[in-house]
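Nothing here was measured: the structure is a model prediction, and the numbers come from that model. Just the heavy atoms: all of them, side chains too, but no hydrogens, waters or symmetry mates, feed the values below.
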Amino acid sequence: MLPEHLAAQHAMADVPLALLAGGLATRLRAVSPDIPKAMVEVAGRPFIEHQLALFHSKGVRRVVLCLGHLGEQVEAHLGDGKRFGVEVAYSHDGPGLLGTGGALRRALPLLGERFWVVYGDSYVDIDFAAVLAGFVTTGKPTLMTVLRNDDRWDKSNVVFENGRLIRYDKNRRTPDMHHVDYGVALLSRSAATRIPPAHAYDLADLYRTLVSEGAMAGFEVNNRFYEVGTPASLEETRRFLSGCD
């Protein structure tokens, strides 16, 4: 194992993870009208429990949950997180939903100088320590993980060539986009403060700007992601986490 990877494994416990779990879950209303996505049952327990178990296995020890719609249910269920092996803190959107970027900006007082950002509806089984080691060596303030996707699991939205992020845009997709934003990023506090405070804001807008400025490194991963954003993807994730796939 490379020395950088070993150092990153030791550093993992010091890097908190922001989990963006505040969406309205409109596409799941027919399945779970009265509970947030994080609490949807998957393979015998709420999806959020699978996520926390995964993060713990990768070395994460502090999680900040960015909550919005029905977020009080998540907090009541998880408490301080100790029974899952992690320390859990909470940041609530308040009266109005803030979007992924606005929620992250609101949570900054609970995060450090660098932190993970993960989408709350995704199960992302990758080598977090390897990603952290790659982040440190780039010298850039942010990093996006990407997956060769070719529109298989989602619409591709990244041009990634020769180990470099060339372009990212989830709204203006082009034929040369073969990769997708995997849903795991590393951000420095200085980059996140560019998000306007107390406003609804899409984190993808910050990512697009950072990539265009050459301020965001890319790290290619190979394991596909699973997610619970739609009834179809929820069923697929249930099969995977039940060991049926």
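In this structure a side-chain-to-backbone donor-acceptor pair under 3.5 Å is missing from Lys37 to Val228. Using a distance-only test at 3.5 Å, with no hydrogens or angles considered, no donor-acceptor pair links the side chain of Tyr207 to the main chain of Met144. Under the 3.5 Å distance criterion, the side-chain polar atoms of Gln73 are matched with a main-chain donor or acceptor of Asp34. Arg45 places no side-chain N or O within donor-acceptor distance of the main-chain N or O of Val42, the cut-off being under 3.5 Å. At least one donor-acceptor pair closer than 3.5 Å links the side chain of Arg152 to the backbone N or O of Arg148. With hydrogens and angles ignored, the 3.5 Å screen pairs a side-chain donor or acceptor of Gln51 with a backbone N or O of Gly120. Between the side chain of Ser156 and the main chain of Asp151, a donor-acceptor pair closer than 3.5 Å is present.
Around CZ of Arg172, the count of heavy atoms belonging to other residues, nucleotides or ligands within 6.0 Å does not exceed 12. With a 6.0 Å radius and a threshold of 12 heavy atoms from other residues, nucleotides or ligands, Arg189 has its CZ atom above the threshold.
Listed by chain and residue number, nothing satisfies the side chain to side chain donor-acceptor pair (under 3.5 Å) test with Asp154 (two or more places apart in sequence, or in another chain). Legend: residues meeting side chain to side chain donor-acceptor pair (under 3.5 Å) with His199, ordered by chain and number and at least two apart, are absent.
The cluster map of Ile, Leu, Val, Met, Phe, Trp and Tyr, joined by side-chain heavy atoms under 4.5 Å apart, puts Tyr168 and Val159 in different clusters.
For the pair Asp169 and Arg167, the salt-bridge criterion is not met [side-chain N within less than 4.0 Å of a carboxylate O]. Between Asp127 and Lys58, none of the side-chain N atoms (NZ, or NE/NH1/NH2) sits under 4.0 Å from a carboxylate O, so this pair counts as no salt bridge. Residues Arg61 and Asp14 are not paired through a salt bridge, judged by the lack of any N-O separation under 4.0 Å between the basic side chain and the carboxylate. Ion pairing between a basic and an acidic side chain is recognised when a charged N comes within 4.0 Å of a carboxylate O; Arg208 and Glu213 show no such pairing.
The closest side-chain heavy-atom distance from Arg114 to Phe135 is below 4.5 Å. Proximity of Val131 to Thr145: side-chain heavy atoms (C-beta onward) are separated by under 4.5 Å at one or more points. Counting only heavy atoms from C-beta outward, the side chains of Val74 and Met39 approach each other to under 4.5 Å. Under the 4.5 Å side-chain criterion, counting only non-hydrogen atoms from C-beta, Glu87 is not in contact with Val64. In this structure, Val88 and Glu75 have side chains that are not in contact, with every pair of non-hydrogen atoms separated by 4.5 Å or more. Within the 4.5 Å cutoff, no side-chain heavy atoms of Val158 are placed close to those of Met177. Two residues are said to be in side-chain contact when any heavy atoms from C-beta on lie closer than 4.5 Å; Leu19 and Ile48 meet this criterion. The shortest side-chain heavy-atom distance between Leu54 and Asp125 falls under the 4.5 Å cut-off.
Between His77 and Phe84, the angle of the ring planes lies from 30° to 60°, which puts this pair in the tilted group.
Rounding to the nearest 0.5 Å gives a distance of 9.5 Å between CG of Leu65 and OG of Ser91. Once rounded to the nearest 0.5 Å, the distance linking OH of Tyr182 with OH of Tyr119 reads 13.5 Å. Rounding to the nearest 0.5 angstrom, the gap separating the CG atom in Leu20 from the CG atom in Leu98 is 11.5 Å. If you take CG on Leu210 and CE on Met216, they are separated by 5.5 Å, rounding to the nearest 0.5 Å. Here Asp205 contributes atom CG and Arg194 contributes atom CZ; the two are 12.0 Å apart, rounded to the nearest 0.5 Å. To the nearest 0.5 Å, atoms CZ (Phe55) and CG (Leu52) are separated by 7.0 Å.
When all heavy atoms are compared, the tightest approach of Arg62 to Val60 is O-CG1, 3.6 Å. The heavy-atom pair separating Phe115 from Ala192 by the smallest distance is CZ-CB, 3.9 Å. For the pair Glu41 and Leu234, the tightest heavy-atom approach, listed with the atom from each and the gap, is O-CD1, 4.5 Å. The shortest non-hydrogen separation linking Asp93 to Leu97 is OD2-CA, 3.4 Å. The heavy-atom pair separating Asp181 from Asn157 by the smallest distance is N-OD1, 3.0 Å.
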Test log, rule side-chain contact (heavy atoms from CB on, under 4.5 Å), inputs Leu206 and Thr142: CA-CA 11 Å; Leu206 175 64; Thr142 60; over 6 Å; no

Residue pair Met12, Leu132: steps toward the side-chain contact (heavy atoms from CB on, under 4.5 Å) verdict: CA-CA 8 Å; Met12 280 294 302; Leu132 180 58; 3.9 Å; yes

Val211/Leu165 under side-chain contact (heavy atoms from CB on, under 4.5 Å): CA gap, chis, key distance, verdict: CA-CA 7 Å; Val211 172; Leu165 285 177; 3.9 Å; yes

From CA spacing to verdict: side-chain contact (heavy atoms from CB on, under 4.5 Å), Thr138, Phe219: CA-CA 10 Å; Thr138 67; Phe219 189 101; over 6 Å; no

Please tabulate, for the side chains in residues 102-110, all donor-acceptor contacts under 3.5 angstrom to protein atoms that are two or more places apart in sequence or on a different chain.
unit_1 : atom_1 : unit_2 : atom_2 : d
Arg105 : NE     : Ile195 : O      : 2.8
Arg106 : NE     : His92  : O      : 2.6

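Checked by atom type, the side-chain pair Ser233/Thr230 shows a donor-acceptor distance below 3.5 Å. Glu227 and Ser122 form no side-chain donor-acceptor contact under 3.5 Å, judged by distance and modelled atom types alone. A donor and an acceptor atom, one from each side chain of His179 and Asn149, are nowhere located under 3.5 Å apart.
Arg224 forms a cation-pi arrangement with Tyr226, by the criterion of a distance under 6.0 Å to the ring centre and an angle within 45° of the ring axis.
Put simply, the residue from Val117, Val221, Val124, Leu147 that forms a side-chain contact (heavy atoms from CB on, under 4.5 Å) with Val184 is Val124.
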